[in-house]
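So you know, we letter chains A, B, ... as the sequences are listed, proteins then strands, and number each from 1. Scope of the values below: all heavy atoms of this structure, side chains included, with no hydrogens, waters or symmetry mates.
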2 protein chains.
Amino acid sequence: MTGIHDVAKVAGVSASTVSNVINGRGNKMRPETRQRVLDAIESLKYTPNSAARQLKSGQNTTLGLIIPSAANPFWGAVAHHVERAARNHQYRLLICNAERDRDVEARYAETLLGSGVTGVILGSSPLNFDHLRDLIRRGLKIAAFDQRVAEVEQNGVACSVSVDQHLSGMLVAQHLIGLGHKRIGVVTGPIKTNSRIDRVSGVRAALARARLELPEDLRWQGGGVIGFGDMEGSELGRIGIRELLSRDNPPTAVICGNDMYALGAYAGARDLGYRVPDDVSIVGFDDIAMAEIVYPPLTTIRQPVLAMAEQIVGLLIRRVEGDEIPVDEAFIHVPPQLIVRGSTAPIRT
Amino acid sequence: MTGIHDVAKVAGVSASTVSNVINGRGNKMRPETRQRVLDAIESLKYTPNSAARQLKSGQNTTLGLIIPSAANPFWGAVAHHVERAARNHQYRLLICNAERDRDVEARYAETLLGSGVTGVILGSSPLNFDHLRDLIRRGLKIAAFDQRVAEVEQNGVACSVSVDQHLSGMLVAQHLIGLGHKRIGVVTGPIKTNSRIDRVSGVRAALARARLELPEDLRWQGGGVIGFGDMEGSELGRIGIRELLSRDNPPTAVICGNDMYALGAYAGARDLGYRVPDDVSIVGFDDIAMAEIVYPPLTTIRQPVLAMAEQIVGLLIRRVEGDEIPVDEAFIHVPPQLIVRGSTAPIRT
DNA sequence: GTGAAAGCGCTAACAC
DNA sequence: GTGTTAGCGCTTTCAC
């Protein structure tokens, strides 16, 4: 391992001068000295050992991102954009896949904190941050991506960027109601997350406003499905809609927990000979890339992932670097946007 | 920050005893001592500082995974399985998204090595490992996932697990030829990777064997498309097939670079009023989850990602821990598997 | 079986 | 401007 001393020797300076060069304090010395150091670094192919660096400085330019499911392209897109944003700030990004498991999530957060990463972005995690309390007390700064803010604030979270999922739920339900649908089903998986809960509550709210309701037999949440842990959302969506469409009085429209479920629902509807949207309208949430590729193109709610990623990274870095951010700046809301495509149609009369 | 000394003080022992406990050398002491240390760790919520640990030991139980595109669900699945496998070995996994960019890839590899991560799994990277030569010399152990092995060996790579992409290409082409197709098109993006090149060469080989060929006008590789860097494979697939189907003598079957392209090709075919598979057969590679959800279900080549992930992680960890692995064990081939579904059909007569 | 002591490679005072 | 020095938190001989 070539170290700072080797560089110092080759350049004919001391270790601290090399350290200064590395850390952008090159103006503290004669340009020629600086250049000699740079040359030595170059010729020795030297890279600073970040473990040592971090140990000494306690500082660290790495952010963590914990996503609930690498299998869902939505989170792939989030990872992509967050990584970009971090890189633009000269930070790097460690991505962890928690599989929607609180324990795994806590373990990764702990691992991250143990590695000196104090800033971690959490993709919508289960319900609350109780499992991370200790870590937060020990200095972990959490940025909530796509989490309900009230929850977020009361748990000492550093910052958040989220779309109003309740509103998202209302938007899709209103769209469907506007199309004349009265029996509207909802398909989600068995795992509770804030965003999922809020989406469903939004749907109920819109329904209630139209003097409609969401009866138990139109609400499928993976009950009884075994081994769901290893199932893609699309599998669940496929099974779920088949159950709903097999009811005595099936729904004419189905709201799915996210786009992957919705795409699975396409398959499930087809399995039973239903055409989309003629026989049943289907909507999702997220607007993944596939949503406009499939047939019919999926009506869904778009979350402006790119902008959200940039905002959360900016916020989190400020927090990690010790900046106090006023509450009204630290918790950002972005509006959901209904994208109407071909998977929803007026109810057949 | 609570450190090893705090624990030592609370447990009434010395720091080195605590260190021994942490590192599983608990048998070196009286069980009661061990227990006291454990209790102290528990009550103090102590976590070892991994930067310090690594600095001292030079060891490190983290693996890196560099994927070419977080936006492609195939790589999401790979990340998922590799992460699992690493976790089973008590390693953790840093996932990096290199966006099929050699420079970004090199930078991440360097960052990883600088962080003490010596074992890095590379998802099919561009062409060769020239950009990583220096890092390899400095101790980076590379495991090639889904790379051609010949290439791999000559570059001092530690180990690899791959399917024979040439054979994969042959399999799909033979399937199509068996169905009576004679004008077979190929759609890929503009970026060259080994696996892509091999797939296409396999297709050509199978075609040649049947005294057929792949004329230039049936080979689309994104020429002239601007801003492809920000386009999903599905977009390219959509555009590509439209160009091919607009030729004077359009293909009756199209082989797409991967499943995302294939799914995009569904849309492109639809755009022009072609039905799949009646008017045009479409095949992909990878067998992502969506492949069996879409309509018609996609004929594709399956790569046994789960098994591959476990093998590569096992191999790489052996290498990282200093094990010398015989060449015939270090470079594993797994067979590709043709999954025939509904997107291919006999040519219309 | 347990503790004292010497660094791992680097940073940041503080000398010179 | 540049070098000297004292650790960051831990692991690991080597005494006791």
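- Side chain A:Ser16 to base D:dT4: a donor-acceptor pair is found below 3.5 Å.
- Of the N and O atoms on the side chains of B:Asn97 and A:Arg87, not one donor lies less than 3.5 Å from an acceptor on the other residue.
- Taking atom CG of residue B:Asn23 and atom P of nucleotide D:dT13, one finds them 12 Å apart after rounding to whole Å.
- Taking atom CG of A:Asp6 as the reference point, atom C1' of C:dC8 lies 14 Å away to the nearest angstrom.
- Nearest heavy atoms, A:Leu55 versus B:Ala51: N-CB, 4.3 Å.
- Contact annotation: B:Ser14 side-chain N/O to C:dT2 OP1/OP2 distance is not under 4.0 Å.
- Taking only side-chain nitrogens and oxygens, A:Thr17 comes nearer than 4.0 Å to OP1 or OP2 of D:dG3.
- Listed here is the closest heavy atom pair of A:Ile66 and A:Ala98: CG2-CB, 3.6 Å.
- A donor-acceptor contact under 3.5 Å is not formed by the side chain of B:Lys56 with the base of D:dG9.
- Residue B:Arg53 has a polar side-chain atom (N or O) positioned under 4.0 Å from OP1 or OP2 of D:dT11.
- When all heavy atoms of A:Ala86 and A:Leu63 are compared, the pair lying nearest together is CB-CD2, 4.4 Å.
- Side-chain atoms of B:Tyr46 and B:Ile22, non-hydrogen and from C-beta on, do get closer than 4.5 Å to each other.
- Of the candidates C:dC10, C:dA4, D:dC10, D:dC10 carries the atom nearest the B:Tyr46 side chain, counting heavy atoms from C-beta on.
- Counting non-hydrogen atoms under 4.0 angstrom, A:Asn20 reaches nothing in the nucleic acid.
- In this entry the distance linking CG of A:Asn49 with C1' of D:dC10 reads 14 Å, nearest Å.
- The distance from atom CD1 of A:Ile4 to atom P of C:dG9 is 11 Å, rounded to the nearest whole Å.
- Between B:Met308 and the choices B:Asp146, B:Val78, B:Ile332, the side chain to side chain contact (heavy atoms under 4.5 Å, CB included) rule is met once, by B:Asp146.
- In the region residues 25-44 of chain B, proximity to DNA chain D at under 4.0 angstrom, judged on heavy atoms, holds for B:Arg25.
- The local environment of NE2 in B:His5 is sparse, with at most 12 non-hydrogen atoms from other residues, nucleotides or ligands closer than 6.0 Å.
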